[in-house]
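Notes follow once the structure below has been shown.
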Amino acid sequence: MAATLHLRQLALPLAIIGTVFGVAAALLLSPATIHHPALAKAALADLLVTGPVLFLVFAYLRKLPLIIIVPVANIGLELALLTAPADLHPIIRNAMWITYPLLAAVVLRLAYLTYRQLRLAYPLIAGIPDARDRLHALLDKATGTAQSAAIMTSDLAFLRYAIWAPKPRYHGPGIFSSHRQSGLIPLLWAIVAVVVLETVVLHILVHLVSPVLAWVLSALSLYGLLSLVGHIRALPRRYSTLGNDGVTLRTGLFGQCNILYRQIAEITPMAAGRDVPPNSWQLGILGGMEPRNLLLVLHHPATIEISHGMTRRTRYIAIHMDDPQGFANAVLQMRDQHAE
């Protein structure tokens, strides 16, 4: 099982399966099937067997994740149910007794391989103190795909911190907080309360028109609320830290950046309301609405991780620290030591 998945690899298999399914569905909907039952059964076989098997062969030859056969086979079954005459539906139901166990076997095999990869990878990352960073390193080693690992890390980290947050970390050498004096947490909880109220009102109004759409919108709102609550609970648990080679800036789950000491040109205090360079990045979920009291100026652009694999590159990073002077002195001291 390969972990990579690229559109170029999928183009030909998708084109073939689309052609097979399209021709088979068109035949089942045509009047010809009434006069030629054998033709209808052949088209049905294309939807249930030929198409998925062809896709499975291409997936194997192109080293694609075999899990993608699951939605393809389900599409074939759904098309068969929608287009086949009623007298052929018993054949479709009988085919399900074969198709679904095979799909279950593929899923179980994927789950087993994933579990084995996670088990092998965990000892290599168990020493990482930050829960979100540890999860990211584990998924990165297990999947082998940086983008997939970043997306899964964001979703799982939001749930982890919202439902079962790790114990808070406290001040110590090289550990700096940013939430105690910013007033950000009460503001975010107020936003949560507003979103909850708006979700209830919106659900009631939309439910009068479309109950399904109302529940879909409410589910999306719930996901957004869990993400916001996870971020709030991560703020007092994910500190900025000084390492041997650089500093890691963290603000909850919506901002993180690793900066080598040699990249830092200067750290400038910032008064409230002071303008920042137009190409700077405010490290935080609310951007320029959040408080800031330091501006990091870098020699070269650094990559800021935002969420779900999204990144930004900039030479100017605006941040808030509860002890701005202590943080600046510690970072510049480490920078000077590395320059010697």
Side-chain angles (χ1 to χ4, degrees), residues 128-130 132-137 140 146-147 149-151 153-154 157 169 171-182 184 231 234-340:
I128 299 176
D130 182 78
R132 186 265 179 197
D133 291 348
R134 187 166 59 250
L135 177 63
H136 188 194
D140 189 44
Q147 187 67 24
I151 294 173
T153 297
S154 291
R169 297 176 62 196
H171 281 288
I175 300 176
F176 296 89
S177 66
S178 60
H179 68 283
R180 299 178 186 276
Q181 301 176 17
S182 65
L184 181 61
H231 174 68
L235 284 169
R237 292 167 171 84
R238 305 197 70 229
Y239 287 68
S240 296
T241 55
L242 274 61
N244 294 327
D245 300 319
V247 57
T248 300
L249 303 175
R250 299 185 182 93
T251 56
L253 297 173
F254 281 99
Q256 180 165 323
C257 184
N258 299 312
I259 305 172
L260 296 175
Y261 292 122
R262 64 174 180 269
Q263 280 189 269
I264 300 174
E266 60 180 274
I267 302 178
T268 305
M270 293 186 62
R274 173 186 165 184
D275 293 334
V276 297
N279 56 344
S280 65
W281 185 261
Q282 172 75 34
L283 202 64
I285 184 175
L286 299 179
M289 294 175 61
E290 294 195 9
R292 55 201 177 193
N293 52 21
L294 290 175
L295 178 67
L296 274 69
V297 182
L298 310 178
H299 292 295
H300 307 287
T303 300
I304 298 175
E305 302 175 33
I306 303 173
S307 176
H308 290 84
M310 294 185 293
T311 60
R312 296 291 186 273
R313 288 183 61 81
T314 181
R315 288 184 55 228
Y316 304 94
I317 304 175
I319 60 174
H320 178 275
M321 287 291 165
D322 293 331
D323 181 13
Q325 190 62 47
F327 173 80
N329 291 340
V331 172
L332 294 177
Q333 183 178 0
M334 293 292 290
R335 181 200 64 179
D336 295 341
Q337 289 178 2
H338 280 71
E340 295 176 356

Legend entry - For Ile151, all residues meeting side chain to side chain contact (heavy atoms under 4.5 Å, CB included), sequence neighbours excluded: Gln147, Asp155, His308

Inset, instruction - Side-chain contact test, heavy atoms from C-beta onward, threshold under 4.5 Å: evaluate it for Arg250 versus Asp130 and give yes or no. - result: yes

Legend entry - Minimum-distance pair of heavy atoms, taken over all atoms of Ile264 and Val247: CD1-CG1, 4.2 Å

Legend entry - Validation row: Phe327, Leu249 side chains within 4.5 angstrom (heavy atoms): yes

Inset, instruction - Nearest 0.5 Å please: distance from the CG atom of Leu294 over to the CG atom of Asp323. - result: 9.5 Å

Would you tabulate the side-chain donor-acceptor contacts of residues 309-321 under 3.5 Å, counting partners in other chains and residues two or more places apart, or write 'none'?
residue: Arg313; atom: NH1; partner: Thr303; partner atom: OG1; Å: 2.6
residue: Arg313; atom: NH2; partner: Pro301; partner atom: O; Å: 3.0
residue: Thr314; atom: OG1; partner: Asn279; partner atom: O; Å: 2.7
residue: Thr314; atom: OG1; partner: Tyr316; partner atom: N; Å: 3.1
residue: Thr314; atom: OG1; partner: Tyr316; partner atom: O; Å: 3.2
residue: Arg315; atom: NE; partner: Leu298; partner atom: O; Å: 2.8
residue: Arg315; atom: NH2; partner: Leu298; partner atom: O; Å: 3.0
residue: His320; atom: ND1; partner: Ser178; partner atom: O; Å: 3.2

Inset, instruction - Answer yes or no: is there a donor N or O on one side and an acceptor on the other, between the side chain of Glu290 and the main chain of Leu286, under 3.5 Å? - result: yes

Inset, instruction - Say whether, by atom type as modelled, one donor and one acceptor occur between the side chain of Ser182 and the main chain of Leu184 under 3.5 angstrom. - result: yes

Legend entry - Reported CE-to-CG distance for the pair Met334 and Asp336, which is rounded to 0.5 angstrom: 10.5 Å

Inset, instruction - For Asn329, check side chain to side chain contact (heavy atoms under 4.5 Å, CB included) against everything at least two apart and list the hits. - result: Gln325

Inset, instruction - Sequence neighbours left out, what passes salt bridge (charged side-chain N to carboxylate O under 4.0 Å, His left out) with Asp140? Give chain and number order. - result: none

Inset, instruction - Please list, chain by chain and in numerical order, all residues satisfying side-chain hydrogen bond (donor to acceptor under 3.5 Å, both in side chains) with Gln181, sequence neighbours excluded. - result: none

Legend entry - Pairs where residues 295-309 contributes a residue and the test salt bridge (charged side-chain N to carboxylate O under 4.0 Å, His left out) is met, not counting sequence neighbours: Arg132-Glu305

Inset, instruction - Name all residues meeting the side-chain hydrogen bond (donor to acceptor under 3.5 Å, both in side chains) criterion together with Ser280; count only those two or more places apart in sequence or in a different chain, and write none if there are none. - result: none

Inset, instruction - Check whether any side-chain N or O of Tyr239 sits under 3.5 Å from a backbone N or O of Phe176 as a donor-acceptor pair, and report yes or no. - result: no

Inset, instruction - With sequence neighbours left out, write down each residue that passes ring-ring contact (aromatic ring centres under 6.0 Å, His included) with His136, or none if nothing qualifies. - result: none

Legend entry - Sequence-distant partners of Gln256, side-chain hydrogen bond (donor to acceptor under 3.5 Å, both in side chains), two or more places apart: Asp133, Arg238

Inset, instruction - Side-chain contact test, heavy atoms from C-beta onward, threshold under 4.5 Å: evaluate it for Leu295 versus Ile267 and give yes or no. - result: no

Legend entry - Minimal non-hydrogen separation, Ile304 against Trp281, with atom names: CD1-CD1, 3.3 Å

Inset, instruction - Could you pull out the closest heavy-atom pair between His300 and Gln263, with the gap in Å? - result: O-NE2, 3.3 Å

Inset, instruction - Please name all residues satisfying side chain to side chain contact (heavy atoms under 4.5 Å, CB included) with Glu266, sequence neighbours left out, ordered by chain then number. - result: Thr268, Val297

Inset, instruction - Kindly indicate whether the side chain of Leu242, heavy atoms from C-beta on, has any atom under 4.5 Å from the side chain of Thr248. - result: no

Legend entry - Inter-residue atom distance Tyr261.OH - Leu332.CG, 0.5 Å rounding: 10.5 Å

